[in-house]
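Atom set for the values below is all heavy atoms of this structure, side chains included, hydrogens, waters and symmetry mates excluded.
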Amino acid sequence: MSEIPKTYNPAEVEERWYPFWEARGFFKGRVNPGKKPYTIVIPPPNITGILTMGHVLNNTIQDVFIRWRRMQGYETLWMPGTDHAGIATQNVVEKSLIREGTNRHELGREKFLARVWEWKKEYGGTIIRQLRRLGTSCDWERERFTMDEGLSRAVQEMFVRLYEKKLIYRGKYIVNWCPKDHTAISDDEVNHTEQQSNLWHIRYPLVDSEEWAVVATTRPETMLGDTAVAVNPSDERYRHLIGRRLRLPLTDREIPIIADDSVDAAFGTGMVKVTPAHDPNDFLICQRYNENVDTAHRMVPITILDTSARTNDAVPEKYRSLDRFDARKAVVADLEAGGFLVKTEPYTNNVGRCYRCDTVIEPYLSDQWFVKMKPLAQEALSVVQDGTIRFYPERWVKTYEHWMTNIRDWCISRQLWWGHRVPVWYCVGDDACKLECREPIVARRAPASCPHCGSTNLRQDEDVLDTWFSSWLWPFSTLGWPDDTKDLRYFYPTDTLVTGPDIIFFWVARMIMAGLEVTGDIPAADGSRRASRESIVPFRHVYFTSIIRDAQGRKMSKSLGNSPDPVEVIREYGADALRFTIVYLAPLGQDVLYSNEKCEMGRNFANKIWNAGRFLLMNAGETGVPDVTPELPDAHADLADRWILSRYHSTAVALNEALEKFEINNASKILYDFVWHDFCDWYVEMVKGRLYGDAPPEVRSAVLGRAIMVYEETMKLLHPFMPFLTEELWQNLRPRGEGRSIMVSEFPKGDRSRIDTATEAEMSFVQDCINSIRNIRGELSVPPSKEISLLVRFDDPSASAVLMKYEGYFRRLARVSGIREHLSPGKPPQSAGAVVRGGEIFVPLEGLIDLSAERARIEKELNHVAGMFENTSKKLLNASFVEKAPQQIVDQERAKLESFKTTMEKLRSSLEAL
RNA sequence: GGGCUCUUAGCUCAGUUGGUUAGAGCGCUACCUUGACAUGGUAGAGGUCGUAGGUUCGAGUCCUAUAGAGCCCACCA
């Protein structure tokens, strides 16, 4: 069968099998009461996204789990979909509008949204198409989008329910405002970075005396919006000043000195300027102050910036319409000129930046919608603490706990157009309306009229909801929630969530909260009530993936240009090679330094597997592939056959265990070592003698049949990792019949009772002998073409019998032409020798032996053994070791000492003989 | 300021509950195109497991301190 190519060609194979699987519906998850479900929901990639190495890792892991469980007989569903990504998508479309010389305001809301949908239709599926190249076995017919009709309904339902439970409220608060995106963002969307700045000390004169107060600030421009100066009430230095008034420089306003406990007397001067409209802490000070004064004396926050962070009309004319940083320069200059600037000291402070556009965030007072998180967090915390949901690696529990116990309310409104519109209407009222019906109307559907006054003049809230407000429903909204669907009953809760630790707060925590909050009223598959926590958490296991970095350890980023394009990598190395490499490189919970060349490892491995298959098929070429019969495993089996079966079963057992424990990179190592080192390096070499030689046909057939059987089963073990290659090989090995596929074959469990330790021990003895001969050949530069003979001497005659029985192995693996016993004492003349378990082996090298090389070789070995001998005897001379260590260990050490001793003796006599 | 992780061969990393003088891949050296595979084979060189203490009969593995690298959280102006 010379038509099988010498190297594996992934491109051709991949493009053939993916449509094959899909067309036969293997990816589909169907409600099937006869089977246990196994469900994964994909972390929905942004529609603006393109595939990154992070996605590759993430989705390969999910596919490994899904394919493994599918083959194990679970009814698997891998639910795919995409996220509408509010700000990101709106930005992309706005940019293209700007290129066209227009903008969204010119276009108007409705037309703009039409444009975004158009964009989505055109480009929103890019990442999904790329994902398919990886071989992901998602149920594509179920693909969902966070803005599709069903999911939008889920969002509205959730909003209304939480509002009715008073867990959603609206209020004027300081939020993180992005002056570039013109929207509020949540606390988690702010990145803090250190920045070299100044601390400006400013003098505020008292109104009725020559004294003054000095405040320190990093944002001097905000002084234009100051409404007070605060001191700690217990600060003796300033107690007499409380209640007195200051003249605010650069303005004609007077502000009071007030007391507040939050002021740290030790910081700066111990006096703080209070700008309630532009600083979250100052806002709280203002609120506390207002609680204790009558209405007439309330402090009113003064907003001095507009939504672009330019100064507004609330500041003196001179400073109006300035960007905040220009305003800062102007204010500092005038303070200095006016003698108000006491000093300027260099200062490093943290500034918050928008996670999208890196613009410095402005704390901004505005009306926003919030979710009250504390009541939701409680349960969500305990299901993780009590193990109902498990994290892998476990240490993320701590991070989770910390966040959940310090959780703050979630600002969910965004001043964007692209997103789920807040399902709230306000009665604008009409002439007939005499009522103060400013109450928001929160409804699942647009109300026809105001329930208070009957006016039909209603206006919907302009804001949309944070993208995560749809994502946190993902595990159940994709299954049909809020409707009670068969899918939901059967597939919920999902099993494993695979995601990056960077979104543990954004997404993982919130999904847990949402699931616990609303899924309790969905009946279970048998119609019963979901009473247990296990049945209402959105998933049972969370696998936190590694973060992929470049070879220098930097995070992959667009701006650095260091993110490889996985589609290119697939083209160059193949999808299986990429999948295997990335999983092999990514231990649970550790970052991964990745570069494309590393895929050579996976490619070489794929090629190795390919060629092992090629070898088997070439041998089957003449006679055909023998059938697998019940007798086959043991028919005409010799050492190598029994050994590979034993190794195969322990590999299958270990692999399943590793996957159960989510040790996916360990699982890939187990496969790599078995295939390459056990199967190819040893076993294939050892069967060659019987395949090429003149073994009786029934022996040859048994040997070949068994080799192919083990190989086929190994393809199944490999399939979750390398789906394309294994399908191709599995299909090539024998005719399978229409619609059959390795991906729906049974995943091998491995049989512990077939793990044969006696055979493994015998094999390792043979391997040791062969390695010793190879070492002699290599070190003494015996040409590979030169055949050698072997002389052996063992205390136990059965050992020599074993070697002679397997002379064929020695011929093939060490080019040994014959084995004879050497019973006389001493070593044969002109020979090199090695000590092996229970005896010695010699290689006569008449005329070839280099005495000094042989001496060096033996001396090295002797040194090695002597070192171990010394170590062991030291241990045994230590009375407390013999006394305290377990008997078994002590016996072991004693046996070792004996064997080191005899080995040394033999090596020494060899040296003397030279 | 709090929390977490990492430090093992030139490079990238494994090393399960403490028990032989520590492994892999890549790279390096030598040899080999033998009838699966040069994307291969065989042999070899290369490590006082960051440092200092401690627990233990025994520590890469457990504890403490310390140095370096990185990440996350935090309203000190």
Side-chain angles (χ1 to χ4, degrees), chain A residues 4 6-8 174 192 199 215-219 222 230 262-264 266-269 271-275 279-284 349-350 352 363 393 395-396 398-399 402-403 406 501-502 504-505 547 549 551 553 555 573 577 584-585 587 589-595 597-598 600-601 603-619 661 663 665-666 669 672-673 677 680-681 684-685 688 692 771 774-779 781-785 812-815 864-865 867-868 870-872 875 878-886 888-890 892-893 896 900:
Chain A
I4 305 171
K6 279 173 87 165
T7 51
Y8 171 56
I174 293 274
H192 292 275
L199 194 58
V215 295
T217 180
T218 52
R219 294 192 304 153
T222 62
S262 73
V263 179
D264 179 358
F267 186 90
T269 58
M271 295 181 125
V272 180
K273 57 191 279 307
V274 179
T275 322
D279 182 279
N281 191 47
D282 293 1
F283 182 74
L284 294 175
N349 67 332
N350 267 331
R395 68 185 143 84
W396 291 106
K398 260 198 173 170
T399 311
H402 182 258
W403 191 72
N406 295 289
D502 48 331
I504 185 167
F505 308 133
I547 290 170
R549 300 172 177 282
K555 222 168 165 169
Y573 297 95
Y584 187 92
L585 287 176
Q590 230 42 67
D591 290 358
V592 168
L593 305 194
Y594 171 88
S595 59
E597 307 84 73
K598 293 198 170 170
E600 285 175 16
M601 195 233 92
R603 181 201 58 186
N604 295 355
F605 185 45
N607 195 54
K608 190 75 180 173
I609 296 167
W610 175 259
N611 274 289
R614 182 168 177 264
F615 165 79
L616 295 172
L617 281 170
M618 283 167 76
N619 277 285
K661 287 190 284 185
E663 290 173 359
N665 82 306
N666 189 25
K669 280 184 179 66
Y672 185 91
D673 290 341
H677 298 124
C680 294
D681 287 349
V684 165
E685 294 307 320
K688 277 179 180 171
Y692 294 152
N771 284 336
R774 284 170 167 179
N775 174 263
I776 289 169
R777 297 191 68 121
E779 293 279 281
S781 301
V782 178
S785 53
R812 197 154 283 279
L813 291 157
R815 285 190 73 76
H864 183 234
V865 180
M868 292 197 282
E870 203 175 319
N871 231 288
T872 311
K875 223 181 238 186
N878 183 346
S880 52
F881 170 74
V882 180
E883 191 184 317
K884 291 182 179 167
Q888 190 202 338
I889 300 286
V890 178
Q892 204 178 296
E893 292 297 310
K896 264 158 49 184
F900 292 152

Task: Pairwise P distance, B:U55 and B:G44 [rounded to whole Å] - done: 41 Å
Task: Pairing partner (Watson-Crick or G-U wobble, both distances under 3.5 angstrom) of B:U7 - done: B:A67
Task: Protein-nucleotide distance (A:Asp681, atom CG; B:A38, atom P), rounded to Å - done: 15 Å
- [ ] Go through the steps to decide whether A:Leu813 and A:Arg774 satisfy the test side chain to side chain contact (heavy atoms under 4.5 Å, CB included), and finish with yes or no.
- [x] CA-CA 9 Å; A:Leu813 291 157; A:Arg774 284 170 167 179; 3.5 Å; yes
Open item on the list: Side chain of A:Met868 only, heavy atoms from C-beta on: which candidate in B:C4, B:G41, B:U20 is closest?
Closed with: B:U20
Task: Side chain proximity check, A:Asp681 to A:Glu685, heavy atoms < 4.5 angstrom - done: no
Task: Separation between the C1' atoms of B:A22 and B:A38, rounded to whole Å - done: 31 Å
Task: Whole-Å gap separating C1' (B:G41) and CG (A:Asn771) - done: 13 Å
Open item on the list: Applying a 4.0 Å non-hydrogen cut-off, can you work out what A:Thr7 is touching in the nucleic acid: base, sugar-phosphate, or nothing?
Closed with: base
- [ ] Would you mind telling me which of B:A77, B:U12, B:G44 lies closest to the side-chain atoms of A:Glu779?
- [x] B:G44
Task: Interatomic distance where CG belongs to A:Asn878 and C1' belongs to B:G58 [whole Å] - done: 9 Å
TODO: Answer with base, sugar-phosphate or nothing: what part of the nucleic acid does A:Asn665 contact at a heavy-atom distance below 4.0 Å?
DONE: nothing
Open item on the list: Using a heavy-atom cut-off of 4.0 Å across all strands, would you classify A:Asn775 as base, sugar-phosphate, or nothing?
Closed with: sugar-phosphate
Task: Side chain of A:Phe881 - closest among B:U39, B:G19, B:A24 - done: B:G19
Task: Closest-nucleotide 5' rank along RNA chain B - winner of A:Pro784 and A:Thr399 - done: A:Pro784
- [ ] Could you check which nucleotide pairs with B:U48 in any of the strands shown, counting Watson-Crick or G-U wobble with both distances under 3.5 Å?
- [x] none
- [ ] Please give the nucleotide sitting opposite B:C13 as a Watson-Crick or G-U wobble pair, both distances under 3.5 Å, or none.
- [x] B:G23
Open item on the list: With a 3.5 Å limit on both atom pairs, tell me what B:U55 is paired to, counting Watson-Crick and G-U wobble, or say none.
Closed with: none
TODO: Determine the contact category for A:Tyr8: base if any of its heavy atoms lies under 4.0 Å from a base atom, sugar-phosphate if only primed atoms, P, OP1 or OP2 are that close, otherwise nothing.
DONE: nothing
Task: Opposite nucleotide pairing with B:U61, Watson-Crick or G-U, both atom distances under 3.5 Å - done: none
Task: Span that lies between the P atom of B:C11 and that of B:U48, in whole angstrom - done: 13 Å
Task: Separation of the P atoms in B:A52 and B:A59, to the nearest angstrom - done: 15 Å
Open item on the list: Using only atom types and a distance under 3.5 Å, with no angle test, would you say the side chain of A:Arg777 pairs donor to acceptor with the backbone of A:Pro783?
Closed with: yes
- [ ] Using a cut-off of strictly less than 4.0 Å, decide whether A:Asn406 has a side-chain nitrogen or oxygen near OP1 or OP2 of B:G2.
- [x] no
TODO: Verify, without hydrogens or angle tests, whether A:Arg614 (side chain) and A:Ile4 (backbone) share a donor-acceptor contact under 3.5 angstrom.
DONE: yes
TODO: With the side chain of A:Asn607 defined as its heavy atoms from C-beta on, choose the nearest nucleotide among B:C72, B:U39, B:G3.
DONE: B:U39
Task: B:A74: pairing nucleotide in any strand, Watson-Crick or G-U under 3.5 angstrom - done: none
Open item on the list: Return the pairing partner of B:A30 with a 3.5 Å limit on both distances, Watson-Crick or G-U wobble; otherwise return none.
Closed with: B:U42
TODO: Would you indicate which nucleotide in B:C37, B:U42, B:G70 comes nearest to any side-chain atom of A:Arg549?
DONE: B:G70
- [ ] Assign A:Pro886 to base, sugar-phosphate, or nothing according to its heavy-atom contacts below 4.0 angstrom with the strands shown.
- [x] base
Open item on the list: In whole Å, measure the gap between the P atoms of B:C13 and B:U7 for me.
Closed with: 9 Å
Task: Per A:Phe267 side chain, nearest of listed nucleotides B:A77, B:C72, B:C4 - done: B:A77
- [ ] Give one of base, sugar-phosphate or nothing for A:Lys661, where a contact means two heavy atoms less than 4.0 Å apart.
- [x] nothing
Open item on the list: Counting neighbours of CD on A:Glu870 that are heavy atoms of other residues, nucleotides or ligands and sit closer than 6.0 Å, is the number greater than 12?
Closed with: no
- [ ] Between B:C57, B:A77, B:C73, spot the one nearest the side chain of A:His402, thanks.
- [x] B:C73
- [ ] Write down the distance separating the P atoms in B:U34 and B:G41, rounded off to the nearest Å.
- [x] 15 Å
Open item on the list: OP1 or OP2 of B:C37 versus the side-chain N and O atoms of A:Arg614: is any pair under 4.0 Å?
Closed with: yes
Open item on the list: Looking at A:Leu593, is its backbone amide N or carbonyl O close enough to the side chain of A:Lys598 to form a donor-acceptor pair, meaning the two atoms are under 3.5 Å apart?
Closed with: yes
- [ ] Would you indicate, yes or no, if B:A14 has its OP1 or OP2 atom less than 4.0 angstrom from a side-chain nitrogen or oxygen of A:Lys669?
- [x] no
TODO: Pick the C1' atom in B:G19 and in B:G35, then give their distance to the nearest Å.
DONE: 47 Å
- [ ] For the pair A:Asn611 (side chain) and A:Thr7 (backbone), establish whether a donor and an acceptor sit closer than 3.5 Å, ignoring hydrogens and angles.
- [x] no
Open item on the list: Regarding A:Arg774, tell me which of base, sugar-phosphate or nothing describes its non-hydrogen contacts under 4.0 Å with the strands shown.
Closed with: sugar-phosphate
- [ ] Check if the side chain of A:Lys608 and the base of B:C37 share a donor-acceptor pair of N or O atoms closer than 3.5 Å.
- [x] yes
- [ ] Determine the interatomic distance between P on B:U56 and the same-named atom on B:A14; round to the nearest Å.
- [x] 31 Å
- [ ] When you get a sec, tell me which of B:G19, B:C57, B:G25 is the closest nucleotide to the side chain of A:Ile889?
- [x] B:G19
Open item on the list: On RNA chain B, does the nearest nucleotide to A:Phe900 precede the nearest nucleotide to A:Ser880 from the 5' side, or the other way round? Give the residue.
Closed with: A:Phe900
- [ ] Output yes when a side-chain donor or acceptor of A:Asn619 lies under 3.5 Å from a complementary backbone atom of A:Phe615, and no otherwise.
- [x] yes
Open item on the list: I want to check one thing: is the phosphate of B:G40, taken as OP1 and OP2, less than 4.0 Å away from some side-chain N or O of A:Asn604?
Closed with: yes
